[in-house]
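Each chain gets a letter, A, B and so on, in the order the sequences are listed, and its residues count up from 1. No experiment lies behind these values; they were computed from the predicted model shown.
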Amino acid sequence: MVNDLDQIFDSIAKKGVFKNKSILQSNYNPETIPHRSEQIKQIASILAPVLKGEKTSNLFLYGKTGTGKTLSIQFVKEELLRRFNQTLDFDLRIEYLNCKLRKVSDTEYRILAELIKKVGGEVPATGLPTESVYAKFIEIIDSKKQILILILDEIDQTVKKISDGFLYNLTRLNSELSKTQICIVGISNDLTFLDEIDPRVRSSLGEEEIVFPPYNALQLQDILSKRSEIAFNQGVLEDGVIAKCAAFAAREHGDARRALDLLRIAGELAERDNSSKVMLKHIDEANNKIEKDKILDVIKTEPKQFQIVLKSIIDLNERKKNDELIFTGDVYNYYQDLCPRYKVEVLTQRRVSDIIQEFDMLGIINVRVISKGRGGRMREIRLAISKNIIEKAKHIINETLN
DNA sequence: AGGTATTCACATGAAACTATTCTCTGAGTTAGG
DNA sequence: TAACTCAGAGAATAGTTTCATGTGAATACCTGT
(Lines give C-alpha, C1' and ligand atoms only; values in the text may rest on other atoms or scores of the structure.)
Protein backbone atom coordinates (compact mmCIF):
# COMPACT_ATOMS: atom_id res chain seq x y z
CA MET A 1 0.00 0.00 0.00
CA VAL A 2 2.63 2.44 1.06
CA ASN A 3 4.62 1.49 -1.97
CA ASP A 4 1.69 2.23 -4.19
CA LEU A 5 1.36 5.68 -2.77
CA ASP A 6 5.04 6.24 -3.11
CA GLN A 7 4.74 5.39 -6.70
CA ILE A 8 1.96 7.84 -7.23
CA PHE A 9 3.80 10.60 -5.49
CA ASP A 10 6.96 9.79 -7.32
CA SER A 11 5.24 9.90 -10.64
CA ILE A 12 3.80 13.30 -9.81
CA ALA A 13 7.18 14.52 -8.76
CA LYS A 14 8.79 13.10 -11.85
CA LYS A 15 6.19 14.32 -14.20
CA GLY A 16 7.22 17.93 -14.11
CA VAL A 17 10.45 19.27 -15.40
CA PHE A 18 11.29 20.98 -12.14
CA LYS A 19 13.12 19.41 -9.30
CA ASN A 20 13.06 22.53 -7.20
CA LYS A 21 11.50 25.54 -8.80
CA SER A 22 12.26 27.96 -6.00
CA ILE A 23 15.90 27.92 -7.03
CA LEU A 24 14.94 29.97 -10.04
CA GLN A 25 12.80 32.44 -8.17
CA SER A 26 14.24 35.84 -7.61
CA ASN A 27 14.11 35.68 -3.84
CA TYR A 28 16.36 32.66 -3.72
CA ASN A 29 19.79 33.30 -2.30
CA PRO A 30 22.41 30.97 -3.71
CA GLU A 31 25.30 30.04 -1.48
CA THR A 32 27.80 31.00 -4.09
CA ILE A 33 27.77 34.00 -6.33
CA PRO A 34 29.72 33.30 -9.50
CA HIS A 35 31.71 36.02 -11.21
CA ARG A 36 31.35 38.47 -8.37
CA SER A 37 34.17 37.43 -6.07
CA GLU A 38 36.14 40.55 -6.91
CA GLN A 39 33.33 42.88 -5.87
CA ILE A 40 32.53 40.87 -2.80
CA LYS A 41 36.12 41.02 -1.68
CA GLN A 42 36.16 44.76 -2.14
CA ILE A 43 32.98 45.23 -0.17
CA ALA A 44 34.25 42.99 2.56
CA SER A 45 37.56 44.78 2.87
CA ILE A 46 35.84 48.13 3.06
CA LEU A 47 33.34 47.03 5.66
CA ALA A 48 35.66 44.83 7.66
CA PRO A 49 36.65 47.48 10.24
CA VAL A 50 33.19 47.30 11.76
CA LEU A 51 34.20 44.04 13.34
CA LYS A 52 36.61 46.01 15.45
CA GLY A 53 34.04 48.64 16.18
CA GLU A 54 35.45 51.24 13.86
CA LYS A 55 33.41 53.33 11.53
CA THR A 56 34.03 52.55 7.90
CA SER A 57 33.80 54.70 4.85
CA ASN A 58 30.45 55.11 3.28
CA LEU A 59 30.09 52.90 0.29
CA PHE A 60 28.31 53.17 -2.96
CA LEU A 61 27.44 50.36 -5.33
CA TYR A 62 26.54 50.91 -8.94
CA GLY A 63 25.24 48.57 -11.52
CA LYS A 64 22.25 47.88 -13.68
CA THR A 65 19.45 45.64 -12.52
CA GLY A 66 20.29 41.99 -12.18
CA THR A 67 24.02 42.40 -11.86
CA GLY A 68 24.22 40.93 -8.41
CA LYS A 69 24.51 44.05 -6.28
CA THR A 70 21.88 43.13 -3.77
CA LEU A 71 22.99 39.53 -3.65
CA SER A 72 26.58 40.48 -2.99
CA ILE A 73 25.86 42.95 -0.25
CA GLN A 74 23.50 40.51 1.42
CA PHE A 75 26.18 37.90 1.28
CA VAL A 76 28.71 40.17 2.94
CA LYS A 77 26.12 41.18 5.47
CA GLU A 78 25.51 37.60 6.50
CA GLU A 79 29.21 36.87 6.71
CA LEU A 80 29.86 39.94 8.84
CA LEU A 81 27.10 39.04 11.22
CA ARG A 82 28.38 35.50 11.42
CA ARG A 83 31.87 36.59 12.24
CA PHE A 84 30.88 39.30 14.62
CA ASN A 85 32.03 38.65 18.14
CA GLN A 86 29.12 39.01 20.50
CA THR A 87 31.29 39.48 23.54
CA LEU A 88 32.59 42.85 22.51
CA ASP A 89 31.30 45.94 24.20
CA PHE A 90 29.34 47.15 21.24
CA ASP A 91 26.65 45.86 18.98
CA LEU A 92 26.64 45.42 15.24
CA ARG A 93 23.49 46.01 13.29
CA ILE A 94 23.08 45.78 9.58
CA GLU A 95 19.79 46.87 8.15
CA TYR A 96 18.82 46.43 4.56
CA LEU A 97 16.09 48.60 3.11
CA ASN A 98 14.81 48.59 -0.40
CA CYS A 99 13.65 52.13 -1.01
CA LYS A 100 11.61 51.19 -4.02
CA LEU A 101 9.01 49.05 -2.31
CA ARG A 102 5.63 50.63 -2.68
CA LYS A 103 4.97 51.26 0.95
CA VAL A 104 8.37 52.79 1.45
CA SER A 105 9.10 54.79 -1.61
CA ASP A 106 8.46 58.40 -2.37
CA THR A 107 9.02 60.20 0.86
CA GLU A 108 11.69 60.87 3.37
CA TYR A 109 9.17 60.36 6.11
CA ARG A 110 8.31 56.85 5.04
CA ILE A 111 11.85 55.74 4.62
CA LEU A 112 12.60 56.92 8.12
CA ALA A 113 9.47 55.27 9.41
CA GLU A 114 10.54 52.02 7.82
CA LEU A 115 14.01 52.30 9.26
CA ILE A 116 12.58 52.90 12.69
CA LYS A 117 10.43 49.84 12.33
CA LYS A 118 13.49 47.81 11.41
CA VAL A 119 15.39 48.87 14.46
CA GLY A 120 12.43 48.10 16.64
CA GLY A 121 10.42 51.26 16.98
CA GLU A 122 6.98 52.26 15.96
CA VAL A 123 5.91 55.36 14.13
CA PRO A 124 2.51 56.38 12.79
CA ALA A 125 1.97 56.52 9.07
CA THR A 126 1.34 60.21 9.10
CA GLY A 127 0.56 63.12 11.31
CA LEU A 128 3.97 63.66 12.83
CA PRO A 129 6.42 66.35 11.84
CA THR A 130 9.38 64.88 10.01
CA GLU A 131 11.63 66.49 12.57
CA SER A 132 10.27 64.41 15.38
CA VAL A 133 10.63 61.27 13.34
CA TYR A 134 14.30 62.03 12.99
CA ALA A 135 14.49 62.64 16.69
CA LYS A 136 12.90 59.32 17.39
CA PHE A 137 15.23 57.53 15.03
CA ILE A 138 18.24 59.05 16.72
CA GLU A 139 16.88 58.25 20.12
CA ILE A 140 16.38 54.58 19.32
CA ILE A 141 19.70 54.12 17.64
CA ASP A 142 21.70 55.99 20.18
CA SER A 143 20.28 54.11 23.11
CA LYS A 144 23.28 51.83 23.23
CA LYS A 145 26.71 51.61 21.78
CA GLN A 146 26.57 50.08 18.39
CA ILE A 147 27.64 50.27 14.82
CA LEU A 148 24.88 50.52 12.32
CA ILE A 149 25.26 49.79 8.66
CA LEU A 150 22.39 51.06 6.61
CA ILE A 151 22.02 49.47 3.24
CA LEU A 152 19.76 51.56 1.06
CA ASP A 153 18.86 49.74 -2.11
CA GLU A 154 17.74 51.69 -5.14
CA ILE A 155 18.07 55.07 -3.52
CA ASP A 156 18.32 56.71 -6.89
CA GLN A 157 14.59 56.12 -7.34
CA THR A 158 13.79 57.88 -4.13
CA VAL A 159 16.17 60.75 -4.42
CA LYS A 160 14.78 61.50 -7.84
CA LYS A 161 11.38 61.96 -6.24
CA ILE A 162 12.41 63.80 -3.14
CA SER A 163 15.38 66.07 -2.94
CA ASP A 164 18.86 64.96 -2.07
CA GLY A 165 18.44 66.78 1.21
CA PHE A 166 17.42 63.46 2.62
CA LEU A 167 20.80 61.96 1.91
CA TYR A 168 22.46 65.02 3.29
CA ASN A 169 20.59 64.62 6.54
CA LEU A 170 21.56 61.00 6.70
CA THR A 171 25.22 61.62 6.19
CA ARG A 172 25.15 64.27 8.87
CA LEU A 173 23.40 62.05 11.32
CA ASN A 174 26.68 60.85 12.76
CA SER A 175 27.39 64.21 14.29
CA GLU A 176 24.22 63.99 16.34
CA LEU A 177 24.96 60.57 17.70
CA SER A 178 27.11 60.08 20.72
CA LYS A 179 27.42 56.34 21.15
CA THR A 180 26.43 54.94 17.82
CA GLN A 181 28.07 55.25 14.46
CA ILE A 182 26.38 54.90 11.13
CA CYS A 183 27.78 53.71 7.86
CA ILE A 184 25.73 54.07 4.76
CA VAL A 185 25.81 51.71 1.83
CA GLY A 186 23.93 53.08 -1.14
CA ILE A 187 22.92 51.00 -4.09
CA SER A 188 21.91 52.54 -7.37
CA ASN A 189 20.92 51.31 -10.78
CA ASP A 190 21.70 54.60 -12.33
CA LEU A 191 25.35 55.05 -13.07
CA THR A 192 25.10 58.80 -13.33
CA PHE A 193 23.34 59.08 -10.01
CA LEU A 194 26.11 60.59 -7.94
CA ASP A 195 26.82 63.22 -10.57
CA GLU A 196 23.42 64.73 -10.13
CA ILE A 197 23.41 65.30 -6.42
CA ASP A 198 24.77 67.91 -4.10
CA PRO A 199 28.57 67.90 -4.03
CA ARG A 200 28.63 67.82 -0.25
CA VAL A 201 26.57 64.66 -0.24
CA ARG A 202 28.59 63.17 -3.03
CA SER A 203 31.87 63.56 -1.26
CA SER A 204 30.67 62.02 1.94
CA LEU A 205 28.50 59.30 0.47
CA GLY A 206 30.74 58.25 -2.34
CA GLU A 207 33.88 57.74 -0.32
CA GLU A 208 34.17 54.31 -1.83
CA GLU A 209 32.55 53.20 -5.02
CA ILE A 210 32.24 49.81 -6.55
CA VAL A 211 30.88 49.21 -10.00
CA PHE A 212 29.09 46.03 -10.95
CA PRO A 213 29.51 45.44 -14.65
CA PRO A 214 26.79 43.58 -16.52
CA TYR A 215 27.27 39.87 -16.97
CA ASN A 216 28.22 38.80 -20.43
CA ALA A 217 26.54 35.91 -22.17
CA LEU A 218 29.13 33.38 -21.05
CA GLN A 219 28.86 34.33 -17.42
CA LEU A 220 25.10 34.21 -17.64
CA GLN A 221 25.33 30.74 -19.10
CA ASP A 222 27.49 29.71 -16.22
CA ILE A 223 25.05 31.08 -13.67
CA LEU A 224 22.11 29.51 -15.41
CA SER A 225 23.63 26.10 -15.74
CA LYS A 226 24.71 26.05 -12.11
CA ARG A 227 21.25 26.84 -10.96
CA SER A 228 19.45 24.68 -13.43
CA GLU A 229 21.37 21.64 -12.23
CA ILE A 230 19.53 21.79 -8.95
CA ALA A 231 16.34 23.35 -10.22
CA PHE A 232 15.49 21.00 -13.04
CA ASN A 233 15.28 17.26 -13.31
CA GLN A 234 18.08 15.76 -15.23
CA GLY A 235 18.04 15.94 -18.96
CA VAL A 236 14.88 17.99 -19.35
CA LEU A 237 16.64 20.91 -20.92
CA GLU A 238 16.95 20.70 -24.64
CA ASP A 239 20.37 21.51 -25.99
CA GLY A 240 20.96 25.20 -26.37
CA VAL A 241 18.19 26.26 -24.04
CA ILE A 242 20.55 27.77 -21.56
CA ALA A 243 22.59 29.44 -24.24
CA LYS A 244 19.50 30.98 -25.68
CA CYS A 245 18.31 32.26 -22.32
CA ALA A 246 21.68 33.77 -21.70
CA ALA A 247 21.70 35.39 -25.10
CA PHE A 248 18.30 36.94 -24.54
CA ALA A 249 19.29 38.34 -21.20
CA ALA A 250 22.68 39.51 -22.37
CA ARG A 251 20.94 41.57 -24.95
CA GLU A 252 19.05 43.25 -22.12
CA HIS A 253 22.16 44.67 -20.45
CA GLY A 254 23.14 41.36 -18.84
CA ASP A 255 20.33 41.05 -16.38
CA ALA A 256 20.72 37.77 -14.53
CA ARG A 257 17.38 38.06 -12.84
CA ARG A 258 15.71 38.26 -16.16
CA ALA A 259 17.61 35.28 -17.44
CA LEU A 260 16.45 33.23 -14.48
CA ASP A 261 12.87 34.39 -14.88
CA LEU A 262 13.02 33.45 -18.49
CA LEU A 263 14.23 29.98 -17.68
CA ARG A 264 11.66 29.45 -14.98
CA ILE A 265 8.75 30.60 -17.08
CA ALA A 266 9.96 28.53 -19.99
CA GLY A 267 9.88 25.57 -17.65
CA GLU A 268 6.36 26.41 -16.52
CA LEU A 269 5.22 26.69 -20.10
CA ALA A 270 6.79 23.35 -20.89
CA GLU A 271 4.90 21.76 -18.00
CA ARG A 272 1.69 23.31 -19.16
CA ASP A 273 2.32 21.83 -22.59
CA ASN A 274 2.80 18.46 -20.95
CA SER A 275 6.14 18.45 -22.57
CA SER A 276 8.79 16.40 -20.88
CA LYS A 277 11.48 18.74 -22.07
CA VAL A 278 12.03 22.44 -22.08
CA MET A 279 12.52 23.34 -25.67
CA LEU A 280 13.85 26.35 -27.47
CA LYS A 281 10.43 27.50 -28.50
CA HIS A 282 9.44 27.69 -24.87
CA ILE A 283 12.07 30.33 -24.36
CA ASP A 284 10.54 32.48 -27.05
CA GLU A 285 7.11 31.99 -25.59
CA ALA A 286 8.41 32.85 -22.15
CA ASN A 287 9.99 35.99 -23.46
CA ASN A 288 6.70 37.12 -24.93
CA LYS A 289 4.81 36.17 -21.83
CA ILE A 290 7.06 38.16 -19.54
CA GLU A 291 6.69 41.21 -21.68
CA LYS A 292 2.95 40.83 -21.92
CA ASP A 293 2.34 40.17 -18.26
CA LYS A 294 4.42 43.12 -17.27
CA ILE A 295 2.54 45.54 -19.45
CA LEU A 296 -0.90 44.20 -18.67
CA ASP A 297 -0.16 44.29 -15.00
CA VAL A 298 0.87 47.91 -15.23
CA ILE A 299 -2.27 48.80 -17.11
CA LYS A 300 -4.46 46.96 -14.67
CA THR A 301 -3.12 48.82 -11.68
CA GLU A 302 -3.33 52.22 -13.31
CA PRO A 303 -6.09 54.55 -12.08
CA LYS A 304 -9.21 55.38 -14.06
CA GLN A 305 -8.03 58.62 -15.57
CA PHE A 306 -4.93 56.95 -16.93
CA GLN A 307 -7.00 54.20 -18.43
CA ILE A 308 -9.27 56.64 -20.18
CA VAL A 309 -6.29 58.42 -21.66
CA LEU A 310 -4.91 55.10 -22.79
CA LYS A 311 -8.25 54.15 -24.27
CA SER A 312 -8.24 57.40 -26.20
CA ILE A 313 -4.87 56.55 -27.63
CA ILE A 314 -5.88 53.02 -28.52
CA ASP A 315 -9.12 54.11 -30.14
CA LEU A 316 -7.43 56.82 -32.14
CA ASN A 317 -4.77 54.38 -33.16
CA GLU A 318 -7.38 52.03 -34.58
CA ARG A 319 -9.22 54.78 -36.31
CA LYS A 320 -6.28 56.27 -38.11
CA LYS A 321 -5.17 55.12 -41.51
CA ASN A 322 -1.72 53.72 -41.90
CA ASP A 323 1.13 55.99 -41.06
CA GLU A 324 -1.03 58.69 -39.62
CA LEU A 325 0.33 59.69 -36.27
CA ILE A 326 -1.46 60.73 -33.14
CA PHE A 327 -0.74 64.02 -31.43
CA THR A 328 -1.38 65.38 -27.98
CA GLY A 329 -4.23 67.58 -29.17
CA ASP A 330 -6.08 64.66 -30.77
CA VAL A 331 -5.80 62.61 -27.64
CA TYR A 332 -7.01 65.42 -25.43
CA ASN A 333 -10.02 66.19 -27.58
CA TYR A 334 -11.04 62.57 -27.76
CA TYR A 335 -10.42 62.21 -24.06
CA GLN A 336 -12.71 65.13 -23.31
CA ASP A 337 -15.53 63.43 -25.18
CA LEU A 338 -14.85 60.17 -23.41
CA CYS A 339 -14.96 61.46 -19.86
CA PRO A 340 -18.67 62.27 -19.60
CA ARG A 341 -19.49 58.85 -20.99
CA TYR A 342 -17.80 57.22 -18.04
CA LYS A 343 -18.93 59.91 -15.64
CA VAL A 344 -15.43 61.01 -14.86
CA GLU A 345 -14.18 64.53 -14.35
CA VAL A 346 -12.24 66.06 -17.20
CA LEU A 347 -8.66 66.79 -16.27
CA THR A 348 -6.72 69.73 -17.57
CA GLN A 349 -4.62 69.44 -20.64
CA ARG A 350 -1.60 70.03 -18.47
CA ARG A 351 -2.30 66.93 -16.49
CA VAL A 352 -3.13 64.77 -19.50
CA SER A 353 0.15 65.85 -20.97
CA ASP A 354 1.91 64.44 -17.94
CA ILE A 355 -0.10 61.26 -18.09
CA ILE A 356 0.94 60.72 -21.67
CA GLN A 357 4.52 61.20 -20.66
CA GLU A 358 4.14 58.65 -17.92
CA PHE A 359 2.84 56.09 -20.38
CA ASP A 360 5.95 56.70 -22.38
CA MET A 361 8.10 56.00 -19.37
CA LEU A 362 6.22 52.80 -18.74
CA GLY A 363 6.99 51.71 -22.26
CA ILE A 364 3.38 51.42 -23.30
CA ILE A 365 3.67 54.12 -25.89
CA ASN A 366 6.53 55.79 -27.68
CA VAL A 367 6.60 59.52 -27.67
CA ARG A 368 8.59 62.13 -29.49
CA VAL A 369 8.30 65.87 -29.18
CA ILE A 370 8.09 67.38 -32.62
CA SER A 371 7.49 70.82 -33.93
CA LYS A 372 5.27 71.42 -36.89
CA GLY A 373 6.49 74.93 -37.33
CA ARG A 374 3.59 77.20 -37.40
CA GLY A 375 1.39 74.24 -36.72
CA GLY A 376 2.72 74.20 -33.21
CA ARG A 377 4.68 71.89 -31.06
CA MET A 378 3.39 68.65 -29.65
CA ARG A 379 4.04 65.02 -28.86
CA GLU A 380 3.88 62.45 -31.55
CA ILE A 381 2.45 59.30 -30.05
CA ARG A 382 2.56 55.71 -31.16
CA LEU A 383 1.63 52.57 -29.32
CA ALA A 384 4.56 50.41 -28.38
CA ILE A 385 2.71 47.21 -27.73
CA SER A 386 1.71 44.48 -30.09
CA LYS A 387 -1.79 43.87 -31.44
CA ASN A 388 -2.77 40.98 -29.23
CA ILE A 389 -1.65 42.82 -26.12
CA ILE A 390 -3.71 45.79 -27.22
CA GLU A 391 -6.77 43.56 -27.40
CA LYS A 392 -6.20 42.32 -23.88
CA ALA A 393 -5.52 45.82 -22.69
CA LYS A 394 -8.82 47.01 -24.16
CA HIS A 395 -10.55 44.26 -22.32
CA ILE A 396 -8.98 45.22 -19.04
CA ILE A 397 -9.83 48.86 -19.51
CA ASN A 398 -13.45 48.11 -20.34
CA GLU A 399 -13.66 46.03 -17.22
CA THR A 400 -12.43 48.71 -14.88
CA LEU A 401 -14.48 51.41 -16.53
CA ASN A 402 -17.53 49.18 -16.58
C1' DA B 1 17.81 85.48 -52.21
C1' DG B 2 18.86 85.86 -47.53
C1' DG B 3 17.94 87.24 -43.02
C1' DT B 4 14.77 88.38 -39.08
C1' DA B 5 10.63 88.21 -36.67
C1' DT B 6 6.19 85.94 -35.61
C1' DT B 7 3.32 82.49 -34.32
C1' DC B 8 1.24 78.18 -33.33
C1' DA B 9 0.12 74.57 -30.03
C1' DC B 10 1.69 72.70 -27.14
C1' DA B 11 5.87 71.35 -23.57
C1' DT B 12 7.81 72.14 -19.23
C1' DG B 13 8.29 74.11 -14.46
C1' DA B 14 6.92 75.91 -10.17
C1' DA B 15 3.70 77.02 -6.92
C1' DA B 16 -0.61 76.69 -4.93
C1' DC B 17 -4.70 74.25 -3.85
C1' DT B 18 -7.78 70.17 -2.21
C1' DA B 19 -9.12 66.13 0.02
C1' DT B 20 -7.81 62.71 3.00
C1' DT B 21 -5.46 60.48 6.65
C1' DC B 22 -3.49 60.55 10.92
C1' DT B 23 -1.58 62.56 15.54
C1' DC B 24 -1.79 65.49 19.43
C1' DT B 25 -3.84 68.63 22.67
C1' DG B 26 -6.86 70.43 25.69
C1' DA B 27 -11.65 71.45 26.96
C1' DG B 28 -15.68 69.40 28.44
C1' DT B 29 -18.02 65.29 30.29
C1' DT B 30 -18.59 61.39 33.10
C1' DA B 31 -18.27 58.15 36.80
C1' DG B 32 -16.40 56.64 40.92
C1' DG B 33 -14.64 57.71 45.57
C1' DT C 1 -10.39 63.78 40.84
C1' DA C 2 -9.07 60.55 37.46
C1' DA C 3 -10.60 58.65 33.17
C1' DC C 4 -12.82 59.26 28.87
C1' DT C 5 -14.53 61.58 24.68
C1' DC C 6 -14.39 64.50 21.09
C1' DA C 7 -13.55 68.59 18.30
C1' DG C 8 -10.03 71.37 16.40
C1' DA C 9 -5.22 72.38 15.06
C1' DG C 10 -1.29 70.63 12.51
C1' DA C 11 1.43 67.49 9.34
C1' DA C 12 2.10 64.92 5.45
C1' DT C 13 0.79 63.03 0.86
C1' DA C 14 -1.32 62.40 -3.67
C1' DG C 15 -3.27 64.32 -7.35
C1' DT C 16 -4.46 68.16 -9.41
C1' DT C 17 -5.01 73.05 -11.10
C1' DT C 18 -3.15 77.74 -12.03
C1' DC C 19 0.10 80.63 -13.66
C1' DA C 20 4.29 81.48 -16.15
C1' DT C 21 7.65 80.64 -19.25
C1' DG C 22 10.00 77.95 -22.95
C1' DT C 23 10.42 75.92 -27.75
C1' DG C 24 11.35 74.35 -32.85
C1' DA C 25 10.46 75.34 -37.19
C1' DA C 26 7.04 76.79 -40.89
C1' DT C 27 5.62 81.09 -42.36
C1' DA C 28 5.34 86.21 -42.77
C1' DC C 29 7.81 90.21 -43.34
C1' DC C 30 11.83 92.98 -44.60
C1' DT C 31 15.99 94.46 -46.92
C1' DG C 32 19.25 95.40 -50.00
C1' DT C 33 20.57 93.65 -54.57
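- Side-chain contact, A:Asn287 with A:Arg258: a donor N or O sits under 3.5 Å from an acceptor N or O.
- Comparing B:dC10, B:dT12, C:dA26 by their closest approach to the side chain of A:Arg379 singles out B:dT12.
- Closest contact between the side chain of A:Arg374 and the listed nucleotides C:dA26, C:dT17, B:dT12 involves C:dA26.
- Between the CD atom of A:Gln305 and the C1' atom of C:dT17 there is a distance of 13 Å, rounded to whole Å.
- In this structure, a donor-acceptor pair under 3.5 Å is absent between the side chains of A:Arg36 and A:Thr67.
- Checked against A:Leu59 for a side-chain contact (heavy atoms from CB on, under 4.5 Å), the options A:Ile184, A:Ile43, A:Ile151, A:Ile187 give a single hit: A:Ile43.
- Between A:Asp284 and A:Leu280 there is no side-chain heavy-atom pair separated by less than 4.5 Å.
- Rounded to a whole Å, the NZ atom of A:Lys136 is 12 Å from the P atom of B:dT23.
- The side chain of A:Arg377 contributes no N or O atom lying less than 4.0 Å from OP1 or OP2 of B:dA11.
- OP1 or OP2 of C:dT16 has not a single side-chain nitrogen or oxygen of A:Thr348 nearer than 4.0 Å.
- One can place CZ of A:Arg368 at 11 Å from P of C:dA25, the figure rounded to the nearest angstrom.
- Rounded to 10°, the angle separating the first-five-pair axis and the last-five-pair axis of the helix from B:dA1-C:dT31 to B:dA31-C:dT1 equals 20°.
- Comparing B:dA11, C:dG24, C:dC19 by their closest approach to the side chain of A:Arg350 singles out C:dC19.
- Protein atom NZ of A:Lys372 is 12 Å distant from nucleotide atom C1' of B:dC8, rounded to whole Å.
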>> Apply side chain to side chain donor-acceptor pair (under 3.5 Å) to residues A:Ser72 and A:Gln39 and explain how you reach the verdict.
In response: CA-CA 8 Å; A:Ser72 301; A:Gln39 280 80 9; over 6 Å; no
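- A:Leu347 comes within contact range of the sugar-phosphate backbone alone, with a heavy-atom separation under 4.0 Å but no base atom that close.
- Rounded to whole Å, the distance from CD1 on A:Ile355 to P on B:dT12 is 15 Å.
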